[in-house]
Amino acid sequence: MDNSPPQQLTPSQKQAVCHIEGPLLVLAGPGSGKTRVITHRIAALIDSGVRPYNICAITFTNKAAEEMRQRAFALGASAGAHISTFHSLCVRLLRRHADKAGVKSNFSIYDQADQRRCIKQAVKDCQLDTTNFPPAKILDAVSTLKNKLIDAKPFEENADDFFSKTLAHIYLRYQHLLGERNSLDFDDLLMKTAFLLEGCPDVNAEIGNRFKFVLIDEYQDTNHAQYRIAKALVAQHNNICATGDPDQSIYRWRGADIHNILAFESDWPEATIIKLEENFRSTPNILTAADNLIANNRKRKLKKLLPTRPEGGDIVITASDNETAEARSIARHIEELIDQNAALNDIAVFYRVNSMSRTLEEAFIHAKVPYQIVRGVEFYNRKEIRDILAYLKTIVNPDDEVALLRIINTPTRGIGKVTIDRVRAYAADSRISLFEAIKRAEHIDTLSNSAKGRLAAFADMFRRFAKANLGPAAPLAEIVFVESGLADSLLAAGVEGKDASENANELINAAADYDRKADEPSLIDYLQEISLFSDADAYDPTAGRVALMTLHAAKGLEFENVFIVGVEEGLLPHERTNSHDDLDELEEERRLFFVGITRAKTNLHLSYAQYRTIRGQCLRTIPSQFLFELGCTFEEQQFEDDEDDFDDWEYEDSTESIPTVRFAVGQLVRHQSFGLGRVTEFVDVGENSTVTVKFNTGQTKSLMIKYACLEKA
DNA sequence: CTTGAGTTGGTTTTT
DNA sequence: CCAACTCAAG
């Protein structure tokens with residue numbers, strides 16, 4: 001049961017803990033006790049006389065930060081060290097030095113949905129068409145620029161081609177809109193902090209006095225902005241300890257630059273490098289499979305995966321007819337595990353895309369398997385929650401037009417499009433904010449008297465809210481929920497609104513929870529904190545439920561029994577990654593699978609479906625190339641569903657293959673011209689079946705069986 | 001001003 | 001396939 005690292009630290013772990021002064025890179029493989037090393041290190045630093053106040057540890061998620069605080073505390077480290085994510089640290093620094101950073105301290109933080117709306121607005125403002133300039137693409141480009149710390153103005157100055165120039169316009173407009181609304185997006189938090197630290201000597205000096213020892217976890221997933229922040233944080237003392245694993249870098253698409261960790265030695269030439277290659281988590285066969293898989297990546301630092309656990313456990317690959325059968329198969333396997341006394345907390349199911357959770361959920365409900373879907377942000381994306389939060393955001397930051405427009409007529413209070421347009425026009429003319437204009441509604445001549453009255457009532461409501469904004473978040477959230485009329489409107493919606501009401505109450509409870517935990521609770525702080533919530537933060541390891549999550553969310557976790565579903569071409573690697581043409585993309589998908597596999601302590605269960613319904617279309621699938629790279633011999637089970645309600649045609653369809661020569665993966669074959677080789681993949685699509693063969697000449701070929709004349713050797 | 005029917009378009013992972 | 005948006009009727 002307990003596979004935690006040995007009580008005694010291993011020599012290399014000890015070395016990493018005790019290396020106090022100077023830059024240190026800990027290259028830690030999965031399950032190497034990395035977290036343990038970091039917490040011990042924090043404790044050791046404090047032990048050796050460093051004040052907790054002078055320590056800054058940066059984690060990847062809030063959850064990880066929380067855990068690290070507790071663990072360090074359990075090791076006897078006194079409280080006081082700053083432990084948070086990069087983003088939370090940035091929020092703190094930007095609020096503290098708001099004037100120097102060029103922001104107001106009550107800024108809102110834009111999430112993805114807000115960003116998209118805002119960029120859309122910016123595109124329109126530039127008189128451009130959203131079909132030629134899709135907001136999602138533009139947002140991506142802007143985000144990339146920000147992650148590289150290229151601000152709008154310098155970008156515009158250097159833009160020479162048409163697209164860059166247009167992009168520059170949109171980027172400038174977007175930043176302008178954000179500024180007007182006193183809002184920052186996720187990338188701004190990093191970019192503005194980097195500029196603040198690099199551009200203000202006094203802030204930098206203050207940082208130097210404060211943070212004398214800096215620890216950064218998951219360094220392989222830092223982007224350029226985070227790298228520059230890290231550099232600035234350690235500039236004066238050079239005491240950086242970065243930990244990470246290049247093989248677990250899975251956020252390239254978000255700007256993470258694997259180069260940061262690969263080039264650590266050239267950044268800090270005097271750096272000590274310590275490798276943690278022993279694995280205390282997984283059984284040898286799981287590690288062999290993981291190692292075989294990742295060996296296919298060409299661009300990597302070689303690192304061993306040394307097992308310390310005895311043999312045991314299974315790797316099982318299941319092929320099911322379709323995703324429903326796959327989900328049932330998983331549910332049944334879980335029932336078996338439960339029969340063998342496995343704890344529900346010890347079981348997890350991973351998938352590549354969130355939409356795959358639906359089918360699993362249905363199967364688990366049917367089989368009465370308790371589960372939790374680890375998706376923290378989902379709660380905050382619900383309409384009723386976003387509504388309440390929009391009220392709260394407007395209280396804190398009346399310039400946040402997105403929030404204001406969301407709730408100005410929610411619930412409906414007779415302030416429609418026409419009225420809003422007139423107020424906006426007035427606001428633009430008088431060069432005041434929309435909220436300011438609403439307060440002056442009675443002076444707006446274009447408005448009808450009834451509209452004036454409604455706007456006045458709206459403004460009055462916010463005056464009452466402002467008076468009630470006295471620290472703790474929960475009481476205000478409750479007042480807002482009731483006085484805004486949201487509570488009544490949900491009540492009026494009957495059954496439909498019942499869930500929504502419960503969610504609203506849950507939000508108020510969550511706020512109360514925050515109030516209890518925070519040193520100095522405030523609405524601003526609360527809003528900024530929940531903006532930085534991540535999916536993984538919602539994971540409750542003590543829930544007594546099977547955990548369902550994306551492969552990305554699985555990072556940093558471990559389970560006795562791991563299921564990975566949908567191990568198919570197009571899904572893992574995902575087709576949208578362009579991994580067909582781009583080797584880097586393919587390698588990242590492989591790392592993602594590697595991360596998934598190495599979460600498993602004892603039993604690993606991989607599965608794919610032969611047909612999968614995607615966007616309503618039932619399509620034939622191909623097992624993922626990654627499956628064949630695992631290399632170890634495994635028992636492949638064909639899952640047969642014995643329930644009667646299974647659609648007949650699916651059987652027909654899948655059994656109606658034209659008789660053709662079949663090849664097993666691993667089969668030795670001979671080809672007339674290429675000679676001997678081994679089958680690495682067999683794609684069964686009837687008469688057009690193909691095999692991929694790795695020939696002894698070194699080349700790998702995909703061949704159509706009906707033409708290739710392969711013979712089994 | 002609100003509502004609902006109809007259309008369009010986007011469709012991975014997330015701080 | 002679903003969510004977000006548009007538009008016309010009430």
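Please read all numbers here as calculations on a predicted model, not as lab measurements. Lettering of chains follows the sequences in order, A, B, ..., and the numbering in each one begins at 1.
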Output, in order, the C-alpha distance, side-chain angles, deciding distance and verdict of side-chain hydrogen bond (donor to acceptor under 3.5 Å, both in side chains) for Gln121(A) and Asp125(A).
-> CA-CA 6 Å; Gln121(A) 178 74 50; Asp125(A) 288 354; 3.0 Å; yes
Do Trp253(A) and His574(A) pass the ring pair (Phe, Tyr, Trp, His ring centres under 6.0 Å) test, and can you show the C-alpha distance, the side-chain angles, and the key distance before you say yes or no?
-> CA-CA 13 Å; Trp253(A) 50 275; His574(A) 199 281; over 10 Å; no
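For Asp535(A), the side-chain atoms get nearest to dT14(B) when compared with the rest of dT13(B), dT15(B), dT14(B).
Side-chain atoms of Glu589(A) and Ser579(A) form no donor-acceptor pair, as typed in the model, at a separation below 3.5 Å.
Side-chain nitrogen and oxygen atoms of Asn147(A) include none within less than 4.0 Å of the OP1 or OP2 phosphate oxygen of dT15(B). For the OP1/OP2 pair of dT15(B) and a distance below 4.0 Å, the side-chain nitrogens and oxygens of Ser534(A) include at least one atom meeting the criterion.
Salt-bridge check for Glu529(A) with Lys517(A): failed, with every basic side-chain N at 4.0 Å or more from each acidic carboxylate O. Here Glu198(A) does not pair with Lys231(A) in a salt bridge; the nearest charged N to carboxylate O distance is not below 4.0 Å. Electrostatic pairing of Arg591(A) and Asp245(A) does not count as a salt bridge here, judged by no charged N lying under 4.0 Å from a carboxylate O.
As a whole-Å value, the separation of Phe186(A) CZ from dT14(B) P is 12 Å. For Leu139(A) and dT12(B), the CG to C1' distance is 15 Å, given to the nearest whole Å. For the pair Gln226(A) CD and dT15(B) C1', the computed distance is 8 Å after rounding to whole Å. Atom pair Leu551(A):CG and dT13(B):P shows a separation of 11 Å (rounding to whole Å applied). Here dT11(B) presents its P atom at 15 Å from CZ of Arg352(A), a figure rounded to the nearest Å. Rounded to whole Å, the distance from CZ on Arg375(A) to P on dT14(B) is 6 Å. Going from atom CE of Met549(A) over to atom P of dT14(B) covers 12 Å, rounded to whole Å. The distance from atom CD of Gln115(A) to atom P of dT15(B) is 13 Å, rounded to the nearest whole Å.
Remark: the Gln112(A) side chain and the dT15(B) base include no donor-acceptor N/O pair separated by less than 3.5 Å.
Using a 4.0 Å heavy-atom criterion, one finds that Asp111(A) contacts no nucleic acid atom at all. Counting any heavy atom pair closer than 4.0 Å across all strands shown, Phe86(A) reaches no nucleic acid atom. Note on Lys120(A): only backbone sugar-phosphate atoms sit closer than 4.0 angstrom, heavy atoms only; bases stay farther off.
Residues satisfying the side chain to side chain contact (heavy atoms under 4.5 Å, CB included) criterion with Ala473(A), sequence neighbours excluded, are Ala511(A), Tyr514(A), Asp515(A), Leu523(A), Tyr526(A).
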Using a cutoff of under 3.5 Å, can you pull out all pairs of nitrogen or oxygen atoms linking the protein to nucleotides 1-7 of chain B, with atom names and distances?
| unit_1 | atom_1 | unit_2 | atom_2 | d |
| --- | --- | --- | --- | --- |
| dC1(B) | OP1 | Gly416(A) | N | 2.9 |
| dC1(B) | OP1 | Thr419(A) | OG1 | 2.8 |
| dC1(B) | OP2 | Val418(A) | N | 3.2 |
| dT2(B) | OP1 | Asn409(A) | ND2 | 3.1 |
| dT2(B) | OP1 | Gly414(A) | N | 3.4 |
| dT2(B) | OP2 | Asn409(A) | ND2 | 2.9 |

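Taking the 5' to 3' direction, DNA chain C first and last meets chain A under 4.0 angstrom from a heavy atom at dC1(C) to dC5(C).
The shortest heavy-atom contact between Asn397(A) and Arg181(A) is ND2-O, 3.2 Å. Of all heavy-atom pairs spanning Asn223(A) and Asn260(A), the tightest one is O-ND2, 3.4 Å.
Ring centroid separation for the pair His259(A) and Tyr227(A) does not come in under the 6.0 Å cut-off.
Distance noted for atom P between dA4(C) and dT13(B): 15 Å (whole Å).
Looking at which nucleotide of DNA chain B each of Thr577(A) and Asp187(A) is closest to, the 5′-most match is held by Thr577(A).
Residue Tyr251(A) and nucleotide dT14(B) are not classified as a stacked aromatic pair, given the requirement of ring centres less than 5.5 Å apart at an interplanar angle below 30°.
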